[in-house]
Amino acid sequence: MDAQRALLDELMGAARNLTDEERRGFKEVKWDDREVCAFYMVRFCPHDLFVNTRSDLGACSRIHDPKLKESFENSPRHDSYVPKFEAELAQFCEKLVNDLDRKVRRGRERLAQEVEPPPPPSLSAEKAEQLSVLEEKVKNLLEQVEALGEEGKVDEAEALMRKVEALNAEKTVLLQRPTDKVLAMAQEKKMALCEVCGSFLVANDAVERTQSHVTGKQHVGYGLVREFLAEQKAAKDKGKEEEKLVRGKEVDDKRKSREKESESKRSGSSDRDRYRDRDRDRDGDRHRDRGRDHRKPYDRRSRSGREGRDRSRSRSPHGRSGHRRVSRSPIRQY
């Protein structure tokens, strides 16, 4: 039902059921108008991701309307507009991530710098005098311990050694610098940098605080932006790879076609040569037959001439010898 309503709104307008009076002050807004947020309709609007965070982008200047988004999703032109809107969103997100990456690099460089502790301040005159007195007492007590040890008085020597240890403890307190405490506190709260959102964190912090950061708006928002850009890059790389395969197939098809044409030309040339040789052989045979045919008529004519003369002689009254026949009539002539 909602899809049919959205289709009717797109074809006939959202004000199709309004009266003429109501239509006068009505301005219909469609999903393809410039004042409608294309980012919101196709995926997400970055302005909605970082509200009340350090990366807050402010309110979006374009319209975010769920009904327009639904109308866009049910529109027949949805598939044709998605690549355009996603490309615009990717361009906006790339700018955000590039700015963030510069911030991350600066933070990483700051953390990588080794903070050199300042030189220890010199002892005051009072502390120097106290230290000198302590060192003198320790020296005297050590000499007494050595003497008692040589005399075999072990218990007395151990008692003096306990005094020496106490004096050494006082000496350590006098030599301790304030910067040592500062460095110890700095090591306890060593900072780390979040590579996703660029926030500074306390290394080895409590699990609850780490989980709170991971589920925070800034971390989730930049994670969504980076995921979208990675998806777009994968799709673009896949398209390039498919285009490369198509070009390679076209090149192979053209190469095979050229090879087939050259092969057909070679076979046609060999056939023409074979036919030419056959025609040449036929012409040679025909020429030889024609030569024999030219000689045969003379032989036939000469033979037929001789035969004709012989036959005429045989039919002649004088015979072949040329003498006239003698009549054998019984009547004598006188």
Side-chain angles (χ1 to χ4, degrees), residues 2-4 6-11 30-34 36-46 68-102 104-105 195-196 222-297:
D2 293 337
Q4 294 176 356
L7 182 60
L8 289 174
D9 289 344
E10 183 175 1
L11 295 177
K30 297 182 179 180
W31 61 263
D32 55 350
D33 292 341
R34 293 185 61 86
V36 178
C37 181
F39 303 162
Y40 170 78
M41 288 188 297
V42 71
R43 285 296 186 92
F44 56 85
C45 181
L68 293 176
K69 184 173 184 178
E70 183 180 359
S71 176
F72 168 68
E73 292 174 351
N74 296 324
S75 172
R77 296 181 293 165
H78 172 269
D79 295 341
S80 62
Y81 272 77
V82 166
K84 177 178 179 293
F85 290 166
E86 286 185 346
E88 294 176 356
L89 177 59
Q91 185 177 2
F92 187 88
C93 290
E94 284 178 358
K95 184 179 182 303
L96 283 180
V97 171
N98 290 335
D99 295 340
L100 177 63
D101 288 342
R102 284 193 292 269
V104 170
R105 283 194 298 269
E195 298 290 339
V196 176
Y222 277 113
L224 184 62
V225 169
R226 291 182 184 275
E227 183 180 354
F228 169 71
L229 291 178
E231 180 183 341
Q232 291 294 305
K233 183 178 182 301
K236 189 179 295 184
D237 294 341
K238 182 179 179 181
K240 290 181 180 179
E241 187 67 23
E242 291 178 353
E243 185 179 357
K244 182 179 178 181
L245 292 176
V246 170
R247 288 199 302 268
K249 187 176 182 301
E250 291 178 353
V251 171
D252 292 339
D253 293 342
K254 290 181 180 180
R255 178 178 56 80
K256 291 179 181 179
S257 177
R258 288 195 299 268
E259 291 177 354
K260 187 179 295 184
E261 290 178 359
S262 61
E263 184 178 356
S264 62
K265 288 181 180 179
R266 287 196 299 270
S267 61
S269 177
S270 60
D271 292 340
R272 286 195 299 272
D273 295 340
R274 186 165 57 254
Y275 293 151
R276 190 182 299 109
D277 295 338
R278 187 181 301 171
D279 294 339
R280 189 182 299 111
D281 295 339
R282 289 178 180 176
D283 293 340
D285 295 339
R286 193 178 298 112
H287 181 71
R288 287 192 294 273
D289 293 340
R290 190 180 298 114
R292 285 195 296 271
D293 293 341
H294 284 316
R295 291 193 299 271
K296 287 179 180 178

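These values consider heavy atoms only, across backbone and side chains, with no hydrogens, waters or symmetry-generated copies. Just so it is clear, the model here is predicted, and its values are computed rather than measured.
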Checklist entry - Side chains of Cys45 and Leu89: closer than 4.5 Å at any heavy-atom pair? => result no

Next on the checklist: Once ring-ring contact (aromatic ring centres under 6.0 Å, His included) is applied, do any residues pair with Phe39, and if so which ones, sequence neighbours excluded?
Outcome noted: Phe92

Item to check | salt bridge (charged side-chain N to carboxylate O under 4.0 Å, His left out) against Asp79, all qualifying residues, sequence neighbours excluded | outcome: none

Next on the checklist: Under the rule for salt bridge (charged side-chain N to carboxylate O under 4.0 Å, His left out), what residues qualify as partners of Asp99, not counting sequence neighbours?
Outcome noted: Lys95, Arg102

Item to check | Close side-chain approach of Leu100 to Arg226, heavy-atom, < 4.5 Å | outcome: yes

Checklist entry - Does Val42 reach the side chain of Glu88, with side-chain heavy atoms less than 4.5 Å apart? => result no

Just list the side-chain donor-acceptor pairs under 3.5 Å for residues 239-250, sequence neighbours left out, or say none.
{"residue": "Glu243", "atom": "OE2", "partner": "Arg247", "partner atom": "NH1", "Å": "3.1"}
{"residue": "Lys249", "atom": "NZ", "partner": "Asp253", "partner atom": "OD2", "Å": "3.3"}

Checklist outcome for this item: Sorted by chain and number, sequence neighbours left out, salt bridge (charged side-chain N to carboxylate O under 4.0 Å, His left out) with Glu73 holds for none

Next on the checklist: Nearest 0.5 angstrom please: Ser75 OG to Leu68 CG, how far?
Outcome noted: 11.5 Å

Item to check | Glu231: partners by salt bridge (charged side-chain N to carboxylate O under 4.0 Å, His left out), with sequence neighbours left out | outcome: Arg43

Next on the checklist: If the condition is ring-ring contact (aromatic ring centres under 6.0 Å, His included), which residues does Phe72 pass it with, not counting sequence neighbours?
Outcome noted: Trp31, His78, Phe85

Checklist outcome for this item: With sequence neighbours left out, the residues meeting side chain to side chain donor-acceptor pair (under 3.5 Å) with Tyr40 are none

Checklist entry - Can you name the nearest heavy-atom pair linking Cys93 to Val225, along with the distance? => result CB-CG1, 3.6 Å

Checklist entry - Roughly how far, to the nearest 0.5 Å, is NZ of Lys69 from SG of Cys37? => result 9.5 Å

Checklist entry - side chain to side chain donor-acceptor pair (under 3.5 Å) with Lys233: which residues, sequence neighbours excluded? => result Asp237

Checklist outcome for this item: Contacts of Asp33 meeting side-chain contact (heavy atoms from CB on, under 4.5 Å) (sequence neighbours excluded), chain-then-number -> Val29, Lys30, Glu35, Val36

Checklist entry - Who are the side chain to side chain donor-acceptor pair (under 3.5 Å) partners of Arg255, not counting sequence neighbours? => result Glu259

